[in-house]
Every structure is written in C-alpha cells, then in structure tokens.
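Some notes on the structure that comes next.
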Amino acid sequence: MYFYQPSDGHGLPHDPLNAIIGPRPIGWIASVDAHGKRNLAPYSFFNCFNYRPPIIGFASSGWKDSVQNIVETREFVWNLTTLDLASAMNETSASLAHGEDEFIRAGLTPVESRLVRAPRVAESPVNFECRLSQCIQLTGADGTAVDTWLVLGEVVAVHIDESLLENGIYQTAKAKPVLRAGGPSAYYSIDESQRFDLIRPDAR
Ligand SMILES: Cc1cc2nc3c(=O)[nH]c(=O)nc-3n(C[C@H](O)[C@H](O)[C@H](O)COP(=O)(O)O)c2cc1C
C-alpha cells in the first residue's frame, strides 16, 4: 500500500484526496450581497447532510464572495449542474472582482426565487432556495483554525423540472448531473446503465 501522512506531503504528482473522494456533486451557489449584487460560483466540497429539515452545505477554502454574501444576507440558492451546463458552471468559477456578475459572464439567466433574494439559474432544472443555518470555521485535530468555512443552509423551497419526475419519482440519471473528480480538470456524469440496487439488511 502506498502510505503517506498528509502533514508531510503526499509525494505524488497530484494530491489524490479529491480524486479518491469522488466523483462529488457540485454546489453551484447563487447569492446576493447586502446591496443585491448577484454572485454565482461552484463548490465541489458540497453535500446534503440532513433529511428533515433538509440541510445542504459547502466548504469554501478561504473567505470567498459566496461566504461573505451568505453571511451578510443569510440566504442562498443551490442549482443543479447538468452536462449541458458544465462549461457555464466552469466559467462561473473565474475570480471576478466582487460585484462583477458571473451570470452575465457565463450567459446564464437569473430568475427570481420565491422565498429568498438570491436568484435561481433558469437553465438549471433543479434549484433549492436555502437559508443559512450555520457558518463554521474548520479546525485541525489539534484545534488550530483552518482558513476554510463550512456553510450550511436549510432548504426552504425546492424547484424541479417536471421532466425529471416519472410517476412522481425523481430520475437522478436523467438529469445528467455533473460530478467533480480529481486533478485540475476531471469530471464524470452518469447514465441509467450504471445503476444498481441494494436492499439494506434492516429492510429485508
Ligand atoms: C468544479 C469546481 C469546484 C470547486 N469547488 C470549490 C470548493 O469546494 N471550495 C472552494 O473554495 N472553491 C472551489 N472552487 C473554486 C471556486 O469556484 C472559485 O474560487 C470561485 O471564484 C469562488 O467564487 P466566489 O468568490 O464568488 O464565491 C471550485 C471550482 C470549480 C470549477
């Protein structure tokens, strides 16, 4: 087994961490600042953490505009990145001056949300309107503060394109979600052929 202790470096051409913990869903996060200026950025350190109430979260390496906006307004919108939106999503990761609009840069359409001020990406078939529940600064095992911020939000409203619902069942693969893998540029998507099912022991 190849062995390393991250505190001493990995000794490999690329850090394998995000290639191993992958592919990951993308938190494509729309927010506004206190003056209503829009922002949109992808975060692949992202996941869902609770069912009821639904809570999702992403981690920002450094205090980025998305974190600043969300702490200011206590709201954000998550948008599903689908295969046809992959390059637009990538464009929205560009470091623009605070207040420059990633929607315009990426040719995306902002539409009003129902409950929060942050806009939804109209081209995305699923949007979650969220309210900030916690913004937590990470620490190492020894308690040393890390310059990384975990932003958790309660999903207060859900929009789903009805073409993704078959007999009321949401079709994960039909949406062709974009998933982030390792290195500087690797992604995957999925289709129905990769599906398999497992019944939990307690449910047998
Ligand atoms: C697919 C993808 C995933 C990313 N994931 C993260 C992440 O998890 N954490 C992070 O801090 N930056 C991540 N980035 C970089 C941010 O998107 C980038 O720094 C962006 O400019 C932040 O925007 P903001 O300052 O408007 O929030 C990712 C970029 C891409 C393209």
Side-chain angles (χ1 to χ4, degrees), residues 6 14-49 55-108 110 113 116-121 123-124 126-132 134-140 145-153 175-190:
H14 295 288
D15 189 338
L17 186 75
N18 68 342
I20 294 169
I21 306 293
R24 296 178 304 287
I26 293 174
W28 202 11
I29 306 295
S31 59
V32 291
D33 69 13
H35 307 290
K37 283 225 159 126
R38 288 188 293 258
N39 192 82
L40 180 64
Y43 287 84
S44 76
F45 288 166
F46 164 80
N47 223 303
C48 180
F49 296 100
I55 293 174
I56 62 172
F58 68 93
S60 175
S61 307
W63 187 268
K64 296 187 177 175
D65 287 348
S66 300
V67 183
Q68 176 64 32
N69 287 353
I70 294 166
V71 166
E72 271 175 31
T73 61
R74 303 192 66 80
E75 296 173 342
F76 64 95
V77 171
W78 171 81
N79 304 278
L80 179 70
T81 304
T82 55
L83 209 45
D84 54 335
L85 293 171
S87 55
M89 174 280 293
N90 190 40
E91 278 303 302
T92 64
S93 74
S95 314
L96 304 183
H98 175 78
E100 259 191 78
D101 191 339
E102 286 91 358
F103 279 86
I104 291 171
R105 182 191 172 100
L108 295 163
S113 294
V116 304
R117 278 158 295 170
R120 300 180 289 127
V121 174
E123 290 79 1
S124 169
V126 186
N127 324 99
F128 290 173
E129 299 182 27
C130 302
R131 293 211 171 101
L132 175 67
Q134 289 170 279
C135 177
I136 301 165
Q137 182 169 21
L138 300 190
T139 68
V146 177
D147 186 23
T148 296
W149 305 83
L150 177 62
V151 176
L152 296 165
K176 300 201 178 82
V178 170
L179 306 166
R180 178 78 171 96
S185 60
Y187 292 84
Y188 289 92
S189 191
I190 55 164

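As a basis for the values below, the full set of heavy atoms in this structure was taken, side chains included, without hydrogen atoms, waters or symmetry mates. Order of appearance sets the numbers: ligands from 1, and atoms from 1 within every ligand.
Considering only non-hydrogen protein atoms, atom 9 (N) of ligand 1 sits nearest to Ala59 O, 3.0 Å. Scanning all protein heavy atoms for the shortest distance to atom 23 (O) of ligand 1 gives Ala41 CB, 3.2 Å. Ranking the protein heavy atoms by distance from atom 26 (O) of ligand 1 puts Asn39 ND2, 2.8 Å first. Scanning all protein heavy atoms for the shortest distance to atom 22 (C) of ligand 1 gives Tyr43 OH, 3.5 Å. The shortest contact between atom 10 (C) of ligand 1 and any protein heavy atom is with Lys64 NZ, 3.3 Å. Closest protein heavy atom to atom 5 (N) of ligand 1: Ser44 N, 2.8 Å. Taking atom 8 (O) of ligand 1 as the reference point, the nearest protein heavy-atom neighbour is Phe45 N, 2.8 Å.
Looking only at side-chain heavy atoms (C-beta outward), Val151 and Tyr43 stay at 4.5 Å or farther from each other. The closest side-chain heavy-atom distance from Ile190 to Leu179 is below 4.5 Å. Counting heavy atoms from C-beta on, the side chains of Gln68 and Trp149 never come closer than 4.5 Å.
If you look at Asp65 next to ligand 1, the close heavy atoms, those under 4.0 Å, come from the backbone and the side chain alike. By the criterion of a heavy-atom distance under 4.0 Å, the side chain of Asn90, and not its backbone, is placed next to ligand 1. Contacts of Ser93 with ligand 1, taken as heavy-atom pairs under 4.0 Å, involve both backbone and side chain.
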Assess whether side chain to side chain contact (heavy atoms under 4.5 Å, CB included) is satisfied between Asn127 and Leu80, documenting all intermediate values.
CA-CA 6 Å; Asn127 324 99; Leu80 179 70; over 6 Å; no
Any chance you could lay out the side chain to side chain contact (heavy atoms under 4.5 Å, CB included) test for Arg120 and Asn79, step after step, and finish with the verdict?
CA-CA 7 Å; Arg120 300 180 289 127; Asn79 304 278; 4.2 Å; yes
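Between Gly62 and ligand 1 there is no heavy-atom distance shorter than 4.0 Å. Ligand 1 lies within reach of Tyr187, whose nearest heavy atom is under 4.0 Å from it.
For ligand 1, the polar-atom distance check against Pro42 finds a nitrogen or oxygen pair separated by under 3.5 Å. In terms of N/O distances under 3.5 Å, ligand 1 is not approached by Arg180.
No donor-acceptor contact under 3.5 angstrom links the side chains of Asp33 and Asn69, judged on distance only. Side-chain N/O atoms of Ser124 and Trp28 include no donor and acceptor closer than 3.5 Å.
Shown in contact with Glu102 at under 4.0 Å from a heavy atom are these atoms of ligand 1, numbered in order with element: 26 (O).
With hydrogens and angles ignored, the 3.5 Å screen pairs a side-chain donor or acceptor of Arg24 with a backbone N or O of Ile21. A donor-acceptor contact shorter than 3.5 Å is absent between the side chain of Arg38 and the backbone of Leu40.
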